[in-house]
Amino acid sequence: VQLQASGGGLAQAGGSLRLSCAASGRSTSNFDMGWFRQAPGKGREFVAAIRWSGGSTTYADSAKGRFTISRDNAKNTVTLQMNSLKPEDTAVYYCAAGNVYGVSLAGFDSWGQGTLVTVSS
């Protein structure tokens with residue numbers, strides 16, 4: 001499956017952004033989907049994941065209460081709604097697809113190219 005992330009940009013602290021991930025090649029209904037991020041000089045870290053059915057979601061502590069992951073298998077898209085943004089949310093955000101649901105990068109074997117989110121204070 002090929003993944004294309006979009007929606008990144010510049011936001012002020014307290015603002016919102018909505019990231020989208022469009023899949024092609026195979027239906028997203030075959031995969032668990034996740035969002036990860038990588039800040040400058042840091043490793044890639046888990047943000048949120050959603051089961052292939054949409055029936056279960058998991059969030060990093062840093063995302064709980066502020067971010068919402070959702071999916072539309074009919075449209076082959078996954079969305080990350082980010083509210084109450086903080087400067088520490090600044091990172092390149094990647095969507096990923098896999099078959100091992102959870103927080104580990106190893107569970108996801110298809111990755112998009114990333115979209116940059118910058119949050120100013």
Side-chain angles (χ1 to χ4, degrees):
V1 61
Q2 291 77 47
L3 304 173
Q4 179 77 34
S6 62
L10 178 64
Q12 291 189 331
S16 299
L17 283 174
R18 186 178 180 88
L19 305 184
S20 293
C21 178
S24 61
R26 291 188 67 184
S27 171
T28 54
S29 62
N30 294 304
F31 302 98
D32 301 321
M33 301 294 294
W35 285 96
F36 292 77
R37 68 186 183 186
Q38 187 164 13
K42 296 187 177 181
R44 195 168 296 189
E45 65 177 11
F46 170 78
V47 177
I50 187 167
R51 285 270 192 193
W52 65 271
S53 63
S56 180
T57 56
T58 302
Y59 295 93
D61 287 344
S62 59
K64 286 178 182 177
R66 300 188 300 127
F67 295 1
T68 303
I69 187 171
S70 60
R71 66 190 299 161
D72 186 336
N73 288 337
K75 296 182 178 179
N76 269 1
T77 58
V78 177
T79 299
L80 185 69
Q81 177 67 43
M82 305 188 296
N83 299 327
S84 302
L85 284 165
K86 305 175 181 180
E88 51 263 44
D89 294 320
T90 295
V92 177
Y93 283 71
Y94 299 88
C95 63
N99 295 110
V100 181
Y101 179 72
V103 307
S104 173
L105 277 74
F108 297 87
D109 47 24
S110 297
W111 294 82
Q113 86 290 357
T115 184
L116 177 62
V117 171
T118 304
V119 183
S120 62
S121 58

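Here the OG-CD distance, from S62 to E45, works out to 5.5 Å after rounding to the nearest 0.5 Å. Atom-to-atom distance recorded for M82:CE and I69:CD1 is 11.5 Å, nearest 0.5 angstrom. Distance check: M33 CE to S70 OG gives 11.5 Å after rounding to the nearest 0.5 Å. With rounding to the nearest 0.5 angstrom, the CG atom of L85 is 13.0 Å from the OG atom of S121. Atom CG in L80 sits 11.0 Å away from atom OG1 in T115 (nearest 0.5 Å).
Applying the side chain to side chain donor-acceptor pair (under 3.5 Å) test to residues at least two apart or on different chains, the pairs with a partner in residues 86-95 are R37-D89, R37-Y93, R66-D89. Applying the ring-ring contact (aromatic ring centres under 6.0 Å, His included) test to residues at least two apart or on different chains, the pairs with a partner in residues 33-62 are F36-F46, F36-F108, F36-W111.
Between the side chain of R71 and the backbone N or O of R51 there is at least one donor-acceptor pair closer than 3.5 Å. Between the side chain of N30 and the main chain of N99, no donor-acceptor pair closer than 3.5 Å is present.
When all heavy atoms of S27 and N73 are compared, the pair lying nearest together is OG-O, 4.5 Å.
Applying the ring pair (Phe, Tyr, Trp, His ring centres under 6.0 Å) criterion to F67, with sequence neighbours excluded, gives no partner residue.
In this structure, V100 shares a hydrophobic cluster with no other residue, the cluster being traced through Ile, Leu, Val, Met, Phe, Trp and Tyr side chains under 4.5 angstrom apart.
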Side chains of residues 1-11: which donor-acceptor pairs under 3.5 Å do they make with residues two or more places apart or in other chains?
none

Could you list the donor-acceptor pairs under 3.5 angstrom formed between side-chain atoms of residues 16-25 and any protein atom two or more places apart in sequence or on another chain?
unit_1: S16; atom_1: OG; unit_2: N83; atom_2: OD1; d: 2.9
unit_1: R18; atom_1: NH1; unit_2: Q81; atom_2: OE1; d: 3.0

